[in-house]
Amino acid sequence: MTNLRDTMFEEINIENSKIVIIDDSKTTVQVIKDILINKMNFNFQVFEAFDGIEGLELIKKICPDAVLLDIDMPRMNGLELCKILRNDESTQLTPIVIITGSDTVENKIIALKSGANDFISKTRVQNLDIVDIQLKIESLLKIKRLTDNLEKAENIIKSLAKAVEYKDYYTKGHADRVSNFGEIIAKKMHLDQELINDITLSGLLHDIGKIGVPDNILNKPDKLSAVEFEIIKRHPLIGEEICLPIKSFEKVREIIRHHHEKLNGTGYPDGLKGTEISLGSRIIAVADIYDALTSRRSYRNQISHENSIKILKESALKNEIDKEVVDVFLGYFEKS
Ligand SMILES: [Fe+2]
């Protein structure tokens, strides 16, 4: 995998990228195809379609790295196709370049609103003014490659979080449930969508650092010794470090680090107090504690929903967890 921090943009490898050209003018398709294959030295795999419907089928089949798209076409025009691609999870990040006959500001705005990334003027294509086309394609393909790598890195981290559950049999499904409860609370508190997403993801990843805790400590049926507990207490820091390479995980990293903090300052690793602990961390803490209580663990049987609720309320009274978050969470059970 490309190291995202060490690779210079100009060095990103775009060899063998798959590009789809969709235009009802066979001449235009041929000219662009010639530029991509013969004037650029990247061994591009170029595919062609001559209307929107045919183009959509082709895109679904080959998952291209970029799409060059005419606007006026039979059956489905380019703008409609653009919107469909942007609303589909598998193609929403695929670069789309509109090949336009009239590159007026109005047309560009319409195309941008439909989800296009850039434009190529048909006049430039016909005049073989290729530098502009080459630069645009190269740049978009490099951004696509970076996005792909980022997605791979995210998926690896999520897989790692799943692997943690295999280390500790009793925590199977815990991450999914904490994520689900966290999302429910965040939605009920009407937080903005970005924070809801971060909280949901943090729930999934909050214990990822347990990958660095020996199995015999994680699965110990007896009370942990002071030394063993100190080792367990490192997992929020290890988790934060695992997620460090992903820049977009900034908030998620913070929640992972602080999901064991307590409002009265007796938590770990930083002993934060009250609102020094972010709302996201306070939400995940409540979701985490509830699910831990209601699940069977290596050292105890599961606790009933009613008794778990009692424990949550007591913990809120001791100012360990956020009372408002607990109330919102309890409201969810009352209505469901
Ligand atoms: Fe934890």
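Note that ligands are numbered from 1 as they come in the structure, with each ligand's atoms numbered from 1 the same way.
- Using a 30° and 60° split on the angle between ring planes, F329 and Y332 fall in the parallel class, below 30°.
- Closer than 2.8 Å to the Fe ion (ligand 1) sit the protein N, O or S atoms D207 OD1, H235 NE2, H259 NE2, H260 NE2.
- The side-chain heavy atoms of L205 and C243, taken from C-beta on, include a pair separated by under 4.5 Å.
- Y268 and H260 have parallel rings, their planes meeting at less than 30° on a 0 to 90° scale where 60° marks the start of perpendicular.
- Side-chain contact check for E261 and S281: no donor-acceptor pair (N or O, by modelled atom type) lies under 3.5 Å.
- In this structure, F181 and V286 have side chains that are not in contact, with every pair of non-hydrogen atoms separated by 4.5 Å or more.
- K108 forms a cation-pi arrangement with F119, by the criterion of a distance under 6.0 Å to the ring centre and an angle within 45° of the ring axis.
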